[in-house]
Every structure is written in C-alpha cells, then in structure tokens.
2 protein chains.
Amino acid sequence: MPKTKYVEIYEDLKQKIEKNMYEYQQLLPSENTLVKEYECSRNTVRRAIGNLVNDGYVQTKHGQGARVIYQDFKQNEYMFGETETFKEFALRNLKKHETKVVVFEELTVDEAIHEHTLLPIGVEVYHIQRVRHLEGNPVIMDYNYFRKDVVKGLTVDIAEDSIYEYLARELNQRAVTAKRKMVVERTTEADEKYLKLDGFNSVVVVTSHIFNADGVMFEHTQSRHTPGNFVFFDQTQRK
Amino acid sequence: MPKTKYVEIYEDLKQKIEKNMYEYQQLLPSENTLVKEYECSRNTVRRAIGNLVNDGYVQTKHGQGARVIYQDFKQNEYMFGETETFKEFALRNLKKHETKVVVFEELTVDEAIHEHTLLPIGVEVYHIQRVRHLEGNPVIMDYNYFRKDVVKGLTVDIAEDSIYEYLARELNQRAVTAKRKMVVERTTEADEKYLKLDGFNSVVVVTSHIFNADGVMFEHTQSRHTPGNFVFFDQTQRK
DNA sequence: TGGTATTTGTCCGTATGTATC
DNA sequence: GGATACATACGGACAAATACC
C-alpha cells in the first residue's frame with residue numbers, strides 16, 4: 001500500500017527533527033517554502049505539520065511559523081500505556097518476555113459483568129486472566145474479556161503468544177480506538193500472589209475499552225501493573 | 001472573539017452526541033448532508049468530525065460513515081492530569097481547596113537543576129514548593145520552577161492563589177504545550193510529612209514541561225499526587 | 001454476481017482574514 | 001504601511017471502500 005503524500009512529508013520532517021537537522025527552538029521553513037520543496041499544495045503541508053503538533057514536536061504561532069520543541073529524551077526503556085501490545089513492547093526493548101495463562105474460560109455477560117465492562121448483557125465472551133513476565137519477573141496481571149463473535153477461536157496457546165497477532169493474521173481484525181482510564185489502587189491478594197511488587201503496596205490499574213474498525217467494542221481489559229515498571233507519556237496543546 | 005465555523009459545528013455535534021440525539025453505535029449524517037445542514041464546505045465539516053474523532057466520540061470508516069462510540073461514563077469527580085489547573089479542577093467539582101506555600105525562593109539554574117528540569121543553565125528561576133488541599137486534605141505536593149524572565153513578579157500570595165490566573169491576567173502569558181510523564185514512586189519523607197497518604201506507600205509523580213506561545217519552556221513542575229485522588233483518561237485511534 | 005450510487009479519504013487551487021515582522 | 005506567514009473557508013476533482021439493488 002503506497003503511503004499518502006502528507007504522511008511522507010510528516011515522516012520526513014519528523015525524522016529531520018529527530019536528527020537535529022531542524023534544531024530545538026528553530027523555525028521550520030515556511031509553509032510556502034515547504035510547498036515548493038515537496039511539490040505539493042499548502043493544505044498537504046499543513047496537514048503534515050498538524051501531525052507534528054499533535055506529537056509535541058513543533059508548536060505553531062500565527063504569523064510567525066512552526067517552532068521545534070522536540071527534545072531528545074533519554075529513551076526510557078519502559079513505556080507502557082501506549083498503543084503498543086505487550087509483545088511489541090518486549091521485542092522493541094529486547095526484553096525476555098513470557099505470558100502465563102491463569103484462567104481461560106467462556107462466559108455469557110450478565111448484569112454484574114456488564115456493570116464493570118460495559119459489554120452488552122447476553123453476549124458470549126472469553127474471560128482470560130494472564131500474568132506477563134519481563135526478564136523473568138511477573139510485572140502485569142491482565143484480566144481480559146473478548147467478544148466471541150468478533151474474536152473467534154481463541155485458545156490458551158494463542159493467549160500465551162499474542163492475541164493481537166492472531167487477530168490481525170487470522171481474523172483480519174484490529175484495535176482502532178482505545179479508551180483508557182488509569183488509577184492507582186491498593187494491591188489485592190491476587191496481586192500479591194502473582195506479581196513481584198518490590199515493596200509497593202499498590203498497582204497501576206489501566207482499564208481499557210477497545211473498538212474494532214466496525215465500531216464494535218470487542219474487548220474490555222483491566223491491566224494491573226507493578227508500579228516500578230510503569231511509565232506513561234502524554235502531550236497536549238491548547239490553542 | 002467570534003468562534004470559527006468548524007468549532008461551532010464541532011461543539012454542536014458534540015453536544016448532540018452527549019444528549020443522545022445521535023446515539024451510541026449510530027452513524028452521523030453523511031458529510032454532504034451536514035454540508036447542507038450547516039451551510040458550509042465539506043472541508044469544514046470534516047474538520048469538525050476530525051475533532052470528535054480525537055475526543056473518542058466517533059470513529060470513521062472509509063465508505064461507511066462516522067459512528068458514535070461515545071458512552072456516558074459516570075462523571076468521575078476526580079480527574080487530574082488534564083490541562084486543567086488545580087483551581088479550575090477544584091471549582092468545577094465544587095471542592096473546597098487551599099494551597100500552602102512551603103518554599104519560595106529565587107535561584108539560578110546550575111548543572112544539577114538543568115539535569116532534571118531541562119531548563120537552560122544560567123537562567124534565573126523561582127523555585128516553589130506547595131501543598132494542595134482538597135476538602136481539607138493535603139493531596140498534592142508541587143515542586144515548580146518558573147523562568148523569571150517569562151513569569152515576572154511572582155509572590156507568595158500569587159502562588160497561594162493561582163499562578164496561571166496571574167499569568168493570564170497580568171502578563172498575557174499562558175501554557176500552550178504541556179509534555180508530561182507519569183510514574184509511580186515510593187514515598188519520600190517529605191511526602192509522608194505533608195500528604196495524607198491513607199496507607200499508600202507510593203505517590204503518582206507527574207513531571208511536566210510547559211511551553212508558552214513563543215515556544216519557551218518556562219515551567220518545570222513535578223507534582224506528587226496521593227494515589228487515591230488520581231485518575232487519568234486517555235483515548236487513541238490508529239488509522 | 002455485478003453494476004451503480006453513496007460515502008469517506010486525499011489532494012489541489014484560490015480567496016480572505018489576521019498576526020507577526 | 002508593506003511584506004511575510006499562519007488560519008479559516010470554499011469549491012472542485014478523483015480515488016477507494018462500502019452499501020444497495
């Protein structure tokens with residue numbers, strides 16, 4: 001699939017910023033200059049720049065230009081909370097990883113489950129409980145609910161490898177929108193039984209509602225992270 | 001200042017979704033229909049819808065339409081981590097609030113301060129340490145550094161009210177971009193001395209780098225939240 | 001099954017307004 | 001005041017995915 005023009009420009013500019021070809025606090029070339037450089041319309045350039053703004057790479061000012069505010073953070077090795085899956089994360093950081101399935105069962109959503117998952121009453125789901133290990137240490141407990149009409153044919157083997165790889169490869173399904181809520185809670189007995197808490201009496205609880213391309217909320221997950229391995233980044237602009 | 005057209009359309013659609021005039025899982029009217037309805041160009045409609053996508057209110061699908069995926073969460077009373085200031089948050093939730101200044105001093109950034117704030121060496125800053133109270137309970141410790149060349153004339157009185165209100169009113173300055181990092185750390189002696197921890201041996205540490213309209217990073221803040229009062233929401237789409 | 005209409009996605013060009021330099 | 005630069009808005013063209021008959 002060919003990349004679109006504005007994505008190409010966006011990625012090119014992004015890379016140039018990361019390589020300090022455009023430096024911190026410097027203005028990007030004006031939109032009209034970039035129009036000539038990339039031989040495209042001004043709208044296309046503006047779209048690319050808009051994406052850089054969303055990433056916190058530049059900040060635009062009316063009448064002035066787009067100023068680089070990217071700073072080369074020391075790349076934190078841990079980085080949960082983004083769209084990345086556990087396996088992707090582990091591979092990117094070259095970490096030994098392992099997933100152990102504690103519970104694997106099939107249920108029908110009742111009032112109680114609906115209450116905390118928002119999944120519709122009556123639909124059939126897989127309920128999976130997994131412990132995620134990094135470098136041999138148990139660092140995350142996942143409680144998943146997957147709609148069986150969307151995620152067909154799950155097995156324990158798949159759940160120990162990567163459900164999302166299976167979804168993409170076999171079912172042509174993927175997560176499009178993820179809504180997440182993060183809180184910190186006191187540990188439960190299960191947390192203390194399964195996780196390596198390093199003295200913490202709390203865990204970071206990330207509750208996710210995940211929608212596929214058809215707008216169906218097909219997954220509800222509660223991930224309980226050991227605090228020592230949890231980092232979350234975020235950037236916002238107000239206009 | 002008159003609102004722009006696309007913001008008006010965006011806010012109108014948003015409100016209609018919140019009021020269930022467009023229901024969960026329903027498709028919005030097509031772009032061409034909305035063009036007629038709002039008497040504007042298609043680009044303008046698309047921009048409004050794009051903002052709804054960013055808010056996690058709708059999800060678009062090529063050739064099909066924009067489907068509502070907004071769900072009426074029970075509005076959490078606590079909601080830190082957004083762009084809101086402490087005072088705005090307290091007022092919105094009708095909470096009694098109070099800020100006590102523990103440290104107020106003027107410093108010059110040296111190597112050590114630069115290292116953890118990224119503020120340039122040699123610039124003069126206010127260093128402020130504050131305890132934030134909600135309903136009488138100390139729930140946040142703030143460690144602020146403000147550049148004196150941007151934030152002129154700070155006083156203890158201002159720091160106990162709202163620095164951002166002062167910035168806007170007196171100096172015509174404001175936060176445009178905020179970059180944040182969240183981690184959970186074990187409590188320090190200062191945390192235990194000043195905060196009501198309710199048995200937690202950890203705090204949520206939000207480290208912020210804040211840029212003004214000129215692209216100057218004028219503030220570095222570390223906020224240490226008691227876990228029980230911290231909630232963070234987030235939504236992402238991948239295309 | 002296939003063809004047509006609908007709908008979103010990309011891209012272009014132009015005009016006007018407004019803030020900055 | 002004039003030149004530059006970003007922001008908003010319009011309109012049109014075509015491609016690509018989907019829906020419908």
Side-chain angles (χ1 to χ4, degrees), chain A residues 1-13 22 25-54 57-69 172-174 176-177 212-216 237-239, chain B residues 1-13 22 25-54 57-69 172-174 176-177 212-216 237-239:
Chain A
M1 198 170 61
K3 277 180 192 170
T4 59
K5 221 165 186 175
Y6 81 88
V7 171
E8 273 181 10
I9 298 171
Y10 157 69
E11 288 177 350
D12 189 57
L13 290 172
Y22 299 122
Q25 290 296 335
Q26 191 182 334
L27 292 175
L28 293 188
S30 77
E31 292 173 356
N32 284 324
T33 306
L34 292 173
V35 161
K36 289 168 196 158
E37 207 166 294
Y38 291 105
E39 292 176 327
C40 67
S41 75
R42 198 171 146 231
N43 279 334
T44 304
V45 164
R46 282 180 62 73
R47 221 169 146 182
I49 292 175
N51 283 349
L52 294 174
V53 171
N54 287 337
Y57 272 49
V58 304
Q59 184 179 286
T60 61
K61 187 173 179 184
H62 196 156
Q64 184 177 76
R67 172 164 276 115
V68 177
I69 56 170
N172 198 28
Q173 287 278 349
R174 59 198 193 83
V176 171
T177 301
N212 71 3
D214 297 320
V216 176
Q237 312 83 39
R238 10 183 169 186
K239 302 222 50 181
Chain B
M1 198 171 59
K3 278 180 193 169
T4 59
K5 221 165 186 175
Y6 81 89
V7 171
E8 273 181 10
I9 298 171
Y10 158 69
E11 288 177 350
D12 188 57
L13 290 172
Y22 299 122
Q25 292 296 336
Q26 191 181 332
L27 291 177
L28 293 187
S30 76
E31 293 173 358
N32 285 324
T33 307
L34 292 173
V35 162
K36 288 167 196 157
E37 209 166 293
Y38 291 105
E39 292 176 325
C40 65
S41 73
R42 194 172 148 228
N43 279 331
T44 304
V45 164
R46 282 180 62 72
R47 214 162 153 191
I49 292 175
N51 284 347
L52 293 174
V53 171
N54 287 336
Y57 272 48
V58 304
Q59 184 179 285
T60 61
K61 188 172 179 183
H62 195 159
Q64 185 176 78
R67 173 164 275 116
V68 177
I69 57 171
N172 198 30
Q173 288 278 350
R174 59 198 192 82
V176 171
T177 302
N212 72 2
D214 297 320
V216 176
Q237 311 84 41
R238 9 183 170 186
K239 299 224 51 181

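These numbers were taken from a predicted model, which means no experiment stands behind them. To find a chain, count down the sequence lines: A is the first, B the second, and so on, and within it residues start at 1.
For A/Tyr22, there are no ring-ring contact (aromatic ring centres under 6.0 Å, His included) partners two or more places apart in sequence or in a different chain. For A/Arg67, there are no salt bridge (charged side-chain N to carboxylate O under 4.0 Å, His left out) partners at least two apart in sequence or on another chain. Applying the ring-ring contact (aromatic ring centres under 6.0 Å, His included) criterion to B/Tyr38, with sequence neighbours excluded, gives no partner residue.
A distance-only check finds a donor-acceptor pair linking the side chain of B/Asn212 to the backbone of B/Asp214 [under 3.5 Å]. In this structure, B/Gln26 contributes its side chain and B/Val68 its backbone to no donor-acceptor pair below 3.5 Å.
B/Gln59 and A/Thr177 form a side-chain donor-acceptor contact under 3.5 Å, judged by distance and modelled atom types alone.
Counting only Watson-Crick and G-U wobble pairs whose two key distances fall under 3.5 Å, DNA chain D forms stems of three or more stacked pairs at C:2-21 with D:2-21.
If you take CG of A/Leu34 and P of D/dA5, they are 11 Å apart, rounded to a whole angstrom. Between the NZ atom of B/Lys36 and the C1' atom of C/dT6 there is a distance of 11 Å, given to the nearest Å. Going from atom CG of A/Leu27 over to atom C1' of D/dT4 covers 12 Å, rounded to whole Å.
Within the structure, salt bridge (Lys or Arg N to Asp or Glu O under 4.0 Å) contacts touching residues 31-45 of chain B (residues at least two apart or in different chains) are B/Glu31-B/Arg42, B/Glu31-B/Arg46.
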Subject >> B/S/- contact track for nucleotides 8-16 of chain C, protein heavy atom under 4.0 Å >> reply: BBBSBB---

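No option in B/Asn32, B/Leu28, B/Leu27 other than B/Asn32 meets the side-chain contact (heavy atoms from CB on, under 4.5 Å) test with B/Ser30.
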